[in-house]
Protein chains: 2
Amino acid sequence: MIKIGEFSRMVQVPVPTLRYYDQLGLLKPVEVDRSTGYRYYSASQMPRLHRILALKGLGFSLEQIAVVLDEGLTPEQMRGMLRLRHAQISQQLAEARNQLVEVEARLQQIEREDQLAAYDVILKQAEPLLVASIRTILPHHSAVGSLFGEVYEAIGAHTNVALWPNPGAGGQTLVLWYDCEFKEYDVDGAAAFMLRCPVPDRGRMRVHELPATTMASTVHHGPYNTIGDAHAAILTWIDANGYRIAGPDRELNLYHTMPIRLDDPAYVTEIQYPVEKVDQ
Amino acid sequence: MIKIGEFSRMVQVPVPTLRYYDQLGLLKPVEVDRSTGYRYYSASQMPRLHRILALKGLGFSLEQIAVVLDEGLTPEQMRGMLRLRHAQISQQLAEARNQLVEVEARLQQIEREDQLAAYDVILKQAEPLLVASIRTILPHHSAVGSLFGEVYEAIGAHTNVALWPNPGAGGQTLVLWYDCEFKEYDVDGAAAFMLRCPVPDRGRMRVHELPATTMASTVHHGPYNTIGDAHAAILTWIDANGYRIAGPDRELNLYHTMPIRLDDPAYVTEIQYPVEKVDQ
DNA sequence: TCTTGACTCTCAAGTAGCTTGAGGGTTTAT
DNA sequence: ATAAACCCTCAAGCTACTTGAGAGTCAAGA
């Protein structure tokens, strides 16, 4: 008969942890003194504790371990658990690798005192999005603003049904840029309204659904003519973190006034580039 | 002014999480209605939230993020945090890799219905250990038992001071095997008692300290003549998990009776092999 | 036999970052 | 006016322990 402290030293497991395992029913002492409550263990319990520690080392929860120990799993079930765990660890591994790359990229940015470090780029999943838009070749980027009126008119009678309410909140209009390379003049862009339900095409206005994708995203706060910095920051991030651009990028207007004043210093835009991981 | 639900949709962060961030002071709404308690956000808060999400994506705690956001860290401090985080992720990565190998090894063991799967091998850190031992060439493994009497006598008058109390508990004697390869006859082994304090050498008995090392360990429960299975299991594990043996292995007697009866089916032994990771 | 120090007990609270739920008030569209 | 959707606060739950308070127990030496 071994008292808890001695047992704790033998197995290198802290006393409170042994008590906790007792409480969970994972490892009950062979004997508990009725009057004092003292726990007494036996050397023959070590294989069981060893099994607990081994499974814990594999990353299983105590609950799962209890099942494995007490319900006599078939090899088939055990195989299933291990395969599941294998998948989980693989995913963790991938996440850790990405994080490592990201931290390294940030460190390098600091080392060379990069001004673009002011922008924070994150990944997010974008849902499919129904939009009404007019796409055309524009003389320069800022000319896209003038298209919104035409889109709005084309929606016409469906405005109340199809448009999102409270336009004071922002987030209902966006710009899409289709050029694969950077151009200063004659750019291929579109002005769009988000829709809650489809409306018929009219004039140059087309209704279509933007597909769900992973997006690299950042937020620009300031007048529109300085938005280039945000684009530069996000492009740098995409490159440094091992992604590639997978479609047209979007500028979501999060600013609250209508009509939009592009030179307003309080202007807020979210910039999103669809991305995919470069294999290897 | 944007209500919490709208803001939640815009930033893809659940409402309770936004409330939680408010509570922590990480992201306070620009305005809170005095009478109703309604929170109102503004688009201009998005860069801050983006920064929170970016730092969270890097694996920083909310507490750390609060410091970064509100205390205006110098680039130097930021660099320090990132480097620390870099080290942490690297370690996680290594751990995940090890776990993956271990899970794969277990899966393969199941696939070929290996009987050795009954043994659970774990890694543990062994502390430095002071022992009194007699090392010699033995005709065969089980002959080591006869050495214990001689060691005990050599400790002699120091018994009470140097030996661990309550020998009923087990875990005070061990066997060391020095052969690098498996031998059935003429094996180089030692019988040892653990000491609390040094005693003088006497006769063939020597006092020395076993160094601290990482140990691959398993427990054998049954008569001594079947202990070979446990050794086989641990050796297989060491190989499958990318380690190598880094010294003499130990058999710790965890059984509670003295003198030891090697053929007792209740006999309990912990087998430890010092190991080190094979560099890739 | 008594004392002392080491050991043990139970119970409760704290950790991180949310998630879930109960119970109740507010806003908005019909 | 009413119903649906939205918002509020507060509390508990999650994992695998860790820490601490307050009190009882054991073993060895005087």
Side-chain angles (χ1 to χ4, degrees), chain A residues 1-29 31-41 49 52-53 55-67 85 88 92 159-161 163-169 196, chain B residues 1-29 31-41 49 52-53 55-67 85 88 92 159-161 163-169 196:
Chain A
M1 287 310 125
I2 309 164
K3 283 203 282 185
I4 198 168
E6 179 85 14
F7 196 64
S8 159
R9 255 169 274 129
M10 282 168 68
V11 299
Q12 311 220 64
V13 172
V15 171
T17 302
L18 289 173
R19 284 202 265 253
Y20 182 58
Y21 289 172
D22 177 14
Q23 188 188 323
L24 294 186
L26 258 188
L27 185 77
K28 292 234 168 264
E31 194 188 319
V32 178
D33 187 307
R34 278 289 168 82
S35 62
T36 67
Y38 273 36
R39 293 168 178 83
Y40 293 96
Y41 293 85
L49 182 55
I52 293 170
L53 296 179
L55 291 169
K56 204 157 76 70
L58 257 34
F60 290 107
S61 71
L62 298 187
E63 199 178 355
Q64 288 175 303
I65 294 172
V67 173
R85 184 77 197 122
Q88 288 172 346
Q92 276 180 24
T159 304
N160 287 338
V161 182
L163 251 40
W164 292 87
N166 60 321
R196 284 186 295 176
Chain B
M1 288 308 125
I2 308 163
K3 284 202 283 187
I4 198 168
E6 178 86 13
F7 195 65
S8 160
R9 255 169 275 129
M10 282 168 69
V11 299
Q12 313 221 63
V13 172
V15 170
T17 302
L18 289 173
R19 283 202 265 254
Y20 182 59
Y21 289 172
D22 177 14
Q23 189 188 321
L24 294 187
L26 258 189
L27 185 78
K28 291 232 167 266
E31 194 187 320
V32 178
D33 188 308
R34 278 290 168 82
S35 61
T36 67
Y38 273 36
R39 293 170 178 82
Y40 293 96
Y41 293 85
L49 182 55
I52 292 170
L53 297 178
L55 291 169
K56 202 156 76 70
L58 257 34
F60 290 107
S61 71
L62 299 186
E63 198 179 356
Q64 289 175 303
I65 294 172
V67 172
R85 185 77 197 120
Q88 288 173 347
Q92 276 179 24
T159 305
N160 286 340
V161 182
L163 251 40
W164 292 87
N166 59 321
R196 284 187 295 177

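Letters A, B, ... are given to chains in the order of the sequence lines, protein chains preceding strands, and every chain is numbered from 1.
Annotation: side chain of B:Tyr41 is in contact with side chain of B:Pro29 (closest heavy-atom distance under 4.5 Å). At least one side-chain heavy atom of A:Ile65 sits under 4.5 Å from a side-chain heavy atom of A:Lys56.
Between the OH atom of A:Tyr41 and the P atom of C:dT8 there is a distance of 10 Å, given to the nearest Å. Rounded to whole Å, atom P of C:dT19 lies 11 Å from atom CG of B:Leu62. Note: CZ (A:Phe7) to P (C:dC7) measures 17 Å, nearest angstrom. Per the geometry, OH belonging to B:Tyr38 stands 13 Å off C1' belonging to D:dT9, to the nearest Å. Distance CG (B:Leu55) to C1' (C:dA16): 17 Å, rounded to an integer number of Å. The nearest whole Å value for the distance from the CZ atom in A:Arg34 to the P atom in D:dT25 is 16 Å. Whole-Å rounding puts the A:Glu31 CD to C:dT8 C1' distance at 15 Å. B:Arg196 has its CZ atom 13 Å from the P atom of C:dA6, to the nearest Å.
Separating the OH atom in B:Tyr38 from the CD1 atom in B:Ile4 is a distance of 11.0 Å, to the nearest 0.5 Å.
With DNA chain C read from its 5' end, the first of the two nearest nucleotides for B:Ser61 and B:Tyr40 is the one closest to B:Ser61. Along DNA chain C, the nucleotide nearest to A:Gly37 and the one nearest to B:Lys56 differ in position, and the one closer to the 5' end is contacted by A:Gly37. Residue A:Glu63 is the one, among A:Asp33 and A:Glu63, whose nearest nucleotide of DNA chain D lies closer to the 5' end (criterion: closest heavy atom).
Within a 6.0 Å sphere centred on CD of B:Glu63, other residues, nucleotides and ligands contribute 12 heavy atoms or fewer.
A:Asp33 approaches A:Tyr40 most closely through the heavy-atom pair CB-CE1, 4.2 Å.
In the set C:dT10, C:dA16, C:dT26, C:dT10 carries the atom at the smallest distance from any side-chain atom of A:Arg39. The side chain of A:Lys3 sits closest to C:dT8 out of D:dC17, C:dT8, C:dA16.
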Dot-bracket summary - DNA chain D, pairs being Watson-Crick or G-U whose distances fall under 3.5 Å, with | when paired to another strand: ||||||||||||||||||||||||||||||
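Under the 3.5 Å distance criterion, the side-chain polar atoms of A:Glu6 are left unmatched by any main-chain donor or acceptor of A:Lys3.
A heavy-atom distance below 4.0 Å to DNA chain D is reached by these residues of residues 13-27 of chain B, ordered by number: B:Arg19.
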From CA spacing to verdict: side-chain contact (heavy atoms from CB on, under 4.5 Å), B:Val11, B:Leu53: CA-CA 10 Å; B:Val11 299; B:Leu53 297 178; 5.6 Å; no
Review item, side-chain donor-acceptor pairs of residues 14-26 of chain B, under 3.5 Å, at least two apart:
residue, atom, partner, partner atom, Å
B:Asp22, OD1, B:Lys28, NZ, 3.0
B:Asp22, OD2, B:Arg39, NE, 2.7

